Number of protein chains: 2
Amino acid sequence: MITLKEIAKECGVSTATVSNILNGKNKVSEETREKVMAVVKERGYKLNYVAQGLRKQKTQTIGVIAEDIVQFTTPEIIEGIMEVCEERGYRTIVQNLRLYSRWQDLWFDNEKMYYSVMDPAVQEMASIRVDGIVYVAGHARNIHRFPSEYQIPSVLAYAYSQEKDVPSVVIDDEEGARLIVEHLIKKGHTKIGVMAGEQENIHTKLRILGYQKALFDAGILYNPELVCYAGWGKELSYGAAEELLSKDITAIFCMSDRNAGGVYKYLFENGKQAGRDISIVGFDDEMISDFMTPRLTTMRIDRLQIGKRAVEFLFDKMEGKEVPDEIKVPCRLIDRESVLEL
Amino acid sequence: MITLKEIAKECGVSTATVSNILNGKNKVSEETREKVMAVVKERGYKLNYVAQGLRKQKTQTIGVIAEDIVQFTTPEIIEGIMEVCEERGYRTIVQNLRLYSRWQDLWFDNEKMYYSVMDPAVQEMASIRVDGIVYVAGHARNIHRFPSEYQIPSVLAYAYSQEKDVPSVVIDDEEGARLIVEHLIKKGHTKIGVMAGEQENIHTKLRILGYQKALFDAGILYNPELVCYAGWGKELSYGAAEELLSKDITAIFCMSDRNAGGVYKYLFENGKQAGRDISIVGFDDEMISDFMTPRLTTMRIDRLQIGKRAVEFLFDKMEGKEVPDEIKVPCRLIDRESVLEL
DNA sequence: TTGTACGCGTTATCAG
DNA sequence: CTGATAACGCGTACAA
């Protein structure tokens, strides 16, 4: 591949001049500029970012560390990050921890395993000399320790930070839950069960809070017996559906669309239907919610926005601006046909 | 960030010695090795890939150009690529063309628009000096021109190549379609409608071929009137469902799970059900197919495998091995509950 | 076994 | 306006 030096030689000028021309420094005569540009085009010269990075001590690159690129929230978050980076003339480099494919859910309890993958990833980013890092969570929700030895400005997307100097962009779980439960209440429901996620998970806890708040605002007693913890997947909530439905309820607030899918499955097998025999709402607005029959009313997580806000946040930090510890991205109600008006 | 030179100075040895130690060249005494390693660890030295890349003229990096990272097939393909790269000690850098978010479907007819995004992406990869490129398609199916001016070894994943020196990894559309239609025939169906994708699309054409083949093998006449072209989404096939269902058929072969979703919607609204009143099969095995009621029988596209095969293919090419023009990854039948046995 | 010196491709500095 | 030259951090002949 042809280099700047060769271009210079071919034009009979110095490398400095070629560099100046390429970088639009206006201390160059029109004559030489044209001549050089002609050769550049003709020979298909392409700047070498590697050399440039070395010289400038700046790579114009943002590193993205994703816990799992196949997690449904991740691609859109990354898309948001990339969109903003492109606008700003930054490149992006993505690392994929592949947490799930490595260990399924086993790693969750094991910090040592987790950091055995996480630390090298950050080191890689350091070696690449990225100018900043966005960590995109997919499974873990609390990041206890983010290696800061390298002083690379970093932000967390879709995870709650436990470190002062690593701020985070999260969704407003509590308000999202409050809104969707309020929606049920407005439709006349007062006996509302909950198909919740993992009990110790922070999203679960915050959404329970939102649920309680909505009940409180409507003067409805909170009955812990109506809350059923069933992980985030379809299978467990399918198994738990019978018991929950046997209680005296008219609606179920599912903490994920997949949970709702489990309930739908149970209903289907028993000749019942959401939006007719009982009301169901979900959370996430995954694509599946639009393909369920009837289509599921749910809360949209604005994943693109999470990504965008996260990098903007990061750029602010890189420029030395004062930044808050946390930004909350609101959720939006997607009203479909799974809720019955009483 | 601390450099090799500084480590050397601090240890009272030369940079060459430190470099040799770090790279495991065995011309170093155990004594100095230990001393140097101690300092390296203590000071948190991290190799500078930028400098190394410049010096070695090799970046150990594979570039991934994705048409759309939010396309449902893309993340898993990339995951497969990354898995193999990691095994081989290669880094990965991803570019996202964001075709859909830029222009929705408008670009499809406009090669100029397309290449206005595609060319710079390849140039970027060239500037980064990646050692090879995997192009991951999401929308386009025929890549007519892949910029080869930079002589970077390249392969296409999930797209059909039109260029000799750019081979591709695709799925076996024809055989996949044949298999699933054969499945219907085995269940006793002979009057099988088709909810097809875009008429001019290569996947559509190949799958029609597979459909015809299955009919032929079973001695069933091919009736073009039973084929309905409805794009790849849910809406058009919802609109087309009524007409198709009014024909004398007992089963529908949908060319995508989303198409099947449109048919399901129509059925639901008319009090009918797949797997009871009519048989439906899909294609893709998107997650939605597992959440439809009843769950959809469909063909699984092995996306992970596409990614893996594509990079392995690329590595072969980089090593100068002889490679075929095309590799076909087989599809697999996922048998669920949307097909009725006659 | 260890050190010296050069070059990879670019940009910044300064002198002409 | 243009050119010579010195970095940037690392790897590697070659010399010691």
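Order of the sequence lines sets the chain letters (A, B, ...), proteins ahead of strands, with each chain counted from 1. Just so it is clear, the structure is predicted and the values come from calculations on it, not from any experiment.
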Between [atom2] of [N] and [atom1] of [X], the distance in whole Å:
{"X": "Tyr49(A)", "N": "dG9(D)", "atom1": "OH", "atom2": "C1'", "result": "21 Å"}
{"X": "Asn23(A)", "N": "dA12(C)", "atom1": "CG", "atom2": "P", "result": "7 Å"}
{"X": "Ile128(B)", "N": "dC8(C)", "atom1": "CD1", "atom2": "P", "result": "22 Å"}
{"X": "Leu4(A)", "N": "dT10(C)", "atom1": "CG", "atom2": "P", "result": "5 Å"}
{"X": "Lys5(A)", "N": "dG3(D)", "atom1": "NZ", "atom2": "C1'", "result": "15 Å"}
{"X": "Glu34(A)", "N": "dC1(D)", "atom1": "CD", "atom2": "C1'", "result": "16 Å"}
{"X": "Lys46(B)", "N": "dG9(D)", "atom1": "NZ", "atom2": "P", "result": "16 Å"}
{"X": "Glu6(B)", "N": "dG9(D)", "atom1": "CD", "atom2": "C1'", "result": "10 Å"}

With a 3.5 Å cut-off and heavy atoms only, can you find an N or O donor on one side and an acceptor on the other between the side chain of Arg55(A) and the base of dA7(D)?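 Side chain to base: pair found, below 3.5 Å.
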N or O in side chain of Gln57(A) less than 4.0 angstrom from dG9(D) OP1/OP2: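 Yes, within the criterion.
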Does dG3(D) have OP1 or OP2 sitting under 4.0 Å from an N or O in the side chain of Thr15(A)?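 Checking dG3(D) against Thr15(A), no side-chain N or O comes under 4.0 Å of OP1 or OP2.
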Please tell me which of the listed nucleotides, [options], lies nearest to the side chain of [X]?
{"X": "Ala16(B)", "options": "dG3(D), dC8(D), dA13(D)", "answer": "dA13(D)"}
{"X": "Thr17(A)", "options": "dG3(D), dG3(C), dT10(C)", "answer": "dG3(D)"}
{"X": "Gln52(B)", "options": "dT5(D), dC8(D), dG11(D)", "answer": "dG11(D)"}
{"X": "Leu54(A)", "options": "dT11(C), dC10(D), dC8(D)", "answer": "dC8(D)"}
{"X": "Ser19(B)", "options": "dG11(D), dT11(C), dG9(C)", "answer": "dG11(D)"}

What is the nucleic acid contact for Val50(A), judged by heavy atoms within less than 4.0 Å: base, sugar-phosphate only, or nothing?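 Nothing, no nucleic acid heavy atom in range.
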Between side-chain atoms of residues 74-82 of chain A and protein atoms elsewhere (two or more places apart, or another chain), which donor-acceptor pairs fall under 3.5 Å?
| from | atom 1 | to | atom 2 | distance (Å) |
| --- | --- | --- | --- | --- |
| Thr74(A) | OG1 | Asp68(A) | O | 2.8 |
| Glu76(A) | OE2 | Arg303(A) | NE | 3.1 |
| Glu79(A) | OE1 | Asn96(B) | ND2 | 3.0 |

Are the side chain of [X] and the backbone of [Y] linked by a donor-acceptor contact shorter than 3.5 Å?
{"X": "Thr15(A)", "Y": "Ala8(A)", "value": "no"}
{"X": "Asp131(A)", "Y": "Thr61(A)", "value": "yes"}
{"X": "Arg43(A)", "Y": "Glu10(A)", "value": "no"}

5'-most by nearest nucleotide on DNA chain D - Thr32(A) or Ala51(B):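 Mapping each residue to its closest nucleotide by heavy atoms, the 5'-most match is Thr32(A).
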State, without any angle test, whether Thr73(B) and Gln71(B) hold a side-chain donor-acceptor pair at a distance under 3.5 Å.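 Looking only at side-chain atoms, Gln71(B) and Thr73(B) do form a donor-acceptor pair, the distance falling under 3.5 Å.
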